[in-house]
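Report on one structure; see the data block that follows.
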Amino acid sequence: MVSTYFYRESNRQNALKILSLRLRGMSGELEKLGEDVDENVESLSKMQTKILNLSHGKVNIFEDDGSFKSTYEIMQGIAKVYYDLTDTDLLETIAGRFYQYVQKCA
């Protein structure tokens with residue numbers, strides 16, 4: 001079911017858009033899309049701290065100069081530690097309700 005869901009290009013695009021908006025704390029845009037906005041989105045410092053903690057200090061959403069890393073760079077970092085993760089909190093943190101929906105389809 002999940003793989004069928006992702007065959008539609010619009011669904012893949014929405015997943016990436018939601019992910020990118022959440023990582024940048026763009027709550028207004030997420031609300032326009034009907035996405036829930038939680039404390040992680042409302043506070044980038046909470047998002048950063050949670051991602052760092054859940055990835056055992058290996059994934060940072062910011063560059064050394066304080067600017068955002070690209071969504072691709074962040075996902076690359078997560079991919080490197082993915083199999084070392086003990087729970088799905090990291091994925092839920094960055095993808096929000098969309099991740100919960102995909103998980104239910106699995």
Side-chain angles (χ1 to χ4, degrees):
M1 179 99 174
V2 172
S3 59
T4 303
Y5 180 83
F6 282 105
Y7 279 125
R8 284 195 231 137
E9 185 174 340
S10 63
N11 292 339
R12 288 191 306 268
Q13 290 170 347
N14 280 342
L16 291 173
K17 184 175 186 176
I18 290 166
L19 178 67
S20 182
L21 291 172
R22 285 185 61 82
L23 288 169
R24 280 154 181 70
M26 300 184 74
S27 56
E29 293 297 317
L30 286 164
E31 288 171 342
K32 285 180 188 175
L33 292 172
E35 289 295 312
D36 292 332
V37 175
D38 57 28
E39 63 189 26
N40 295 314
V41 175
E42 292 174 353
S43 169
L44 287 177
S45 63
K46 281 186 182 181
M47 174 77 77
Q48 167 69 345
T49 300
K50 196 163 186 181
I51 290 172
L52 275 171
N53 289 339
L54 292 170
S55 68
H56 311 289
K58 295 182 180 174
V59 178
N60 190 337
I61 64 173
F62 295 109
E63 297 285 359
D64 292 337
D65 66 3
S67 62
F68 282 108
K69 286 186 177 178
S70 71
T71 302
Y72 179 79
E73 289 173 306
I74 295 167
M75 294 308 293
Q76 259 187 328
I78 291 171
K80 290 177 183 174
V81 300
Y82 182 78
Y83 291 106
D84 297 331
L85 301 177
T86 55
D87 57 43
T88 59
D89 283 351
L90 178 60
L91 298 178
E92 191 171 339
T93 297
I94 64 171
R97 188 178 75 180
F98 183 79
Y99 171 72
Q100 293 169 2
Y101 172 75
V102 171
Q103 191 176 32
K104 287 177 186 175
C105 292

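None of these values were measured; they are calculated from a predicted model. These values consider heavy atoms only, across backbone and side chains, with no hydrogens, waters or symmetry-generated copies.
- Among all heavy-atom pairs drawn from S20 and T71, the shortest one is OG-OG1, 3.3 Å.
- Using a distance-only test at 3.5 Å, with no hydrogens or angles considered, no donor-acceptor pair links the side chain of N60 to the main chain of E63.
- Side-chain atoms of T49 come within 3.5 Å of backbone atoms of S45 as a donor-acceptor pair (strictly under, hydrogens ignored).
- Note: the hydrophobic cluster containing L52 does not contain I94 (ILVMFWY, side chain heavy atoms under 4.5 Å, direct or indirect links).
- The side-chain heavy atoms of D38 and R22, taken from C-beta on, include a pair separated by under 4.5 Å.
- The shortest heavy-atom contact between L54 and L85 is O-CD2, 3.3 Å.
- When side chains are defined from C-beta on, I61 does not count as touching R24, because their heavy atoms never get closer than 4.5 Å.
- Surrounding CG of D64 are at most 12 heavy atoms belonging to other residues, nucleotides or ligands under 6.0 Å away.
- The shortest side-chain heavy-atom distance between L21 and L33 falls under the 4.5 Å cut-off.
- Here the closest non-hydrogen pair linking V81 and S55 is CG2-CB, 4.2 Å.
- The hydrophobic clustering, which links ILVMFWY residues whose side-chain heavy atoms are closer than 4.5 Å, places I51 and L44 together.
- Annotation: F62, atom CZ; neighbour count of heavy atoms from other residues, nucleotides and ligands within 6.0 Å is above 12.
- Looking at heavy atoms from C-beta onward, K69 lies in side-chain contact with I74 at the 4.5 angstrom threshold.
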